[in-house]
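What follows is one structure encoded as structure tokens, with my remarks underneath.
All residue numbers in this chain count up from 1 along the given sequence.
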Amino acid sequence: LETVLAADPPLRVRRNVEAYLGRVRALEGRSGSVRIQTEIGVFHDSNVNAGPDTDVIFIQPRVFGFLVADRLRLGEQSAPKEDYGVFGAGRLAMEFDPGRPGGWLGEIGALVHANALREEHDFRLAYAQLHAAMRRQQGANSWRMPAVRYTHIQRGGKDLMRGASLAASCSRILSSENAQRVALHAEGQWREYPGRTGRDGFYAYTGVAFDQFVGPQRHAIGIGITGYRDFAEARIYEKTGWRTGIHGTLRLPHRIAMYGRAHYSIESFREKEPLAPDDRQDTQTQAVVGARKRIGKRWTLDAHRQTTRNHSTFRLYQHRRTVTTVGLTCVF
């Protein structure tokens, strides 16, 4: 552009070149971008306390003189509790380029989420997370490493969990039409549970996912499998598990998308609890179906329903739960 100006072009060409050159120079001082997302909504939860779905809990037999107790009856306080609520969430992501174009990009961000229940105030949740990561896209390959996160969760106004983690992930487009993608991910996290003796420990997982994209609308379907291990201080909390899942998105006219996902997981605990009748093993199935509608440039309306069923050899942890959510999101 400066060479063109040095050639003394006609006035109209000079003005166009100078205007464009001005925009280029203005961008030279900008090394990043900021993205803010907010969401508000309402929800209904059929079992906010994950109460057992049975009134009778079988236990390891206990002998009291001539009596043998092998079951307990569930108290009213521990029964499933249904409630309605509202929630709000916010996400901030800042991206910056610390080096040459096409190299690594830096990313820092924050996420907060909180809900309020109409009656069961002891089960309201507040969630906050801070993260920083380096990311790079090079041809068909992309990397995100390292990713550092700090997480803080409260329940009923009291600290439930604090965690610090280090993660890495990479993905590759398998075809020139960008129709297939495979991704690998791994993470290690140290978790602290204030007030819960023996629950602190290290959590690690690794997994692989495959996505297939279809047609110009970019319909998507994917599968994945993840293995994880919780190294808790107390053996009754130490567990090994794996999870397999499937997800898909169908993009319809008028900026509407239908989506769904489901997973199946198995967890085996290292040691049973004193009252448990057998070695504890949990299996869980969870399914989500929903739809979202883009409104203008910034707004998205989303509605979805999540159904969870947890089966356990210790019936105290066997429950069913359905959560229906409607939310409105705005991106700045």
Side-chain angles (χ1 to χ4, degrees), residues 23 32-46 83-95 105 107 109-118 125 127 129 131 135 137 140 142 144 169 171-183 185 209-224 243-264 285-309 321-332:
R23 291 197 294 269
S33 62
V34 178
R35 178 184 174 92
I36 301 174
Q37 177 179 312
T38 60
E39 183 179 11
I40 57 173
V42 296
F43 68 95
H44 169 261
D45 193 329
S46 68
D83 208 350
Y84 296 84
V86 297
F87 72 90
R91 183 191 300 270
L92 169 67
M94 302 177 63
E95 184 181 276
L105 296 175
E107 178 185 288
L111 169 67
V112 293
H113 176 99
N115 66 26
L117 295 164
R118 184 181 61 176
L125 288 175
Y127 177 97
Q129 184 185 92
H131 78 271
R135 180 168 53 84
Q137 179 77 40
S142 65
R144 192 170 186 269
S169 62
S171 65
R172 178 176 176 82
I173 302 297
L174 300 181
S175 65
S176 58
E177 295 82 11
N178 293 344
Q180 297 173 337
R181 179 177 62 197
V182 63
H185 54 269
F210 174 82
D211 293 286
Q212 173 74 55
F213 302 96
V214 181
Q217 298 86 1
R218 303 283 288 176
H219 307 303
I221 185 169
I223 58 174
R243 179 185 297 110
T244 182
I246 184 171
H247 62 269
T249 301
L250 180 64
R251 303 187 185 279
L252 304 175
H254 309 293
R255 307 175 78 186
I256 297 174
M258 306 288 293
Y259 61 90
R261 60 182 181 270
H263 81 237
Y264 174 80
T285 56
Q286 185 180 92
V288 177
V289 292
R292 57 178 176 263
K293 161 69 175 174
R294 291 284 304 274
I295 305 171
K297 295 182 179 181
R298 300 183 182 276
W299 299 90
T300 301
L301 180 64
D302 182 280
H304 62 268
R305 183 181 181 91
Q306 175 180 289
T307 302
T308 305
R309 181 171 183 177
R321 187 177 189 181
T322 300
V323 182
T324 303
T325 303
V326 178
L328 183 65
T329 301
C330 182
V331 177
F332 301 92

[X] versus [Y], closest heavy-atom pair with distance:
X: Gln137; Y: Ser142; value: OE1-CB, 3.2 Å
X: Ala89; Y: His113; value: CB-ND1, 3.7 Å
X: Val34; Y: Leu92; value: CG1-CD1, 3.7 Å
X: Phe87; Y: Val42; value: CE2-N, 3.7 Å
X: Ala179; Y: Gln212; value: O-NE2, 3.1 Å

Side-chain contact test, heavy atoms from C-beta onward, threshold under 4.5 Å: evaluate it for [X] versus [Y] and give yes or no.
X: His131; Y: Glu107; answer: yes
X: His254; Y: Lys293; answer: yes
X: Ile173; Y: Phe213; answer: no
X: Thr300; Y: Gln37; answer: no
X: Leu301; Y: Ile295; answer: yes

*Trace of the side-chain contact (heavy atoms from CB on, under 4.5 Å) decision for Leu174 with Val182*: CA-CA 7 Å; Leu174 300 181; Val182 63; 3.9 Å; yes
Could you grab the distance from atom [atom1] of [X] to atom [atom2] of [Y], nearest 0.5 Å is fine?
X: Arg292; Y: Thr249; atom1: CZ; atom2: OG1; value: 5.5 Å
X: Arg309; Y: Thr322; atom1: CZ; atom2: OG1; value: 11.5 Å
X: Thr324; Y: Phe43; atom1: OG1; atom2: CZ; value: 11.0 Å
X: Thr308; Y: Gln306; atom1: OG1; atom2: CD; value: 4.5 Å
X: Tyr127; Y: Leu111; atom1: OH; atom2: CG; value: 6.0 Å
X: Thr325; Y: His44; atom1: OG1; atom2: NE2; value: 11.0 Å

*For the side chain of Arg251 and the backbone of Arg218, is there at least one donor-acceptor N/O pair under 3.5 Å apart?*
yes
_Taking Ile246's backbone N and O only, do any of them form a donor-acceptor pair with Arg261's side chain (distance below 3.5 Å, no angle check)?_
no
Can you tell me if [X] has over 12 outside heavy atoms packed within less than 6.0 Å of its [atom1]?
X: Arg255; atom1: CZ; result: yes
X: Arg243; atom1: CZ; result: yes
X: Arg305; atom1: CZ; result: no
X: Ile40; atom1: CD1; result: no

*Assert yes or no for the condition that the ring centre distance of His247 to Tyr259 is strictly below 6.0 Å.*
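Ring centroids of His247 and Tyr259 are no less than 6.0 Å from each other.
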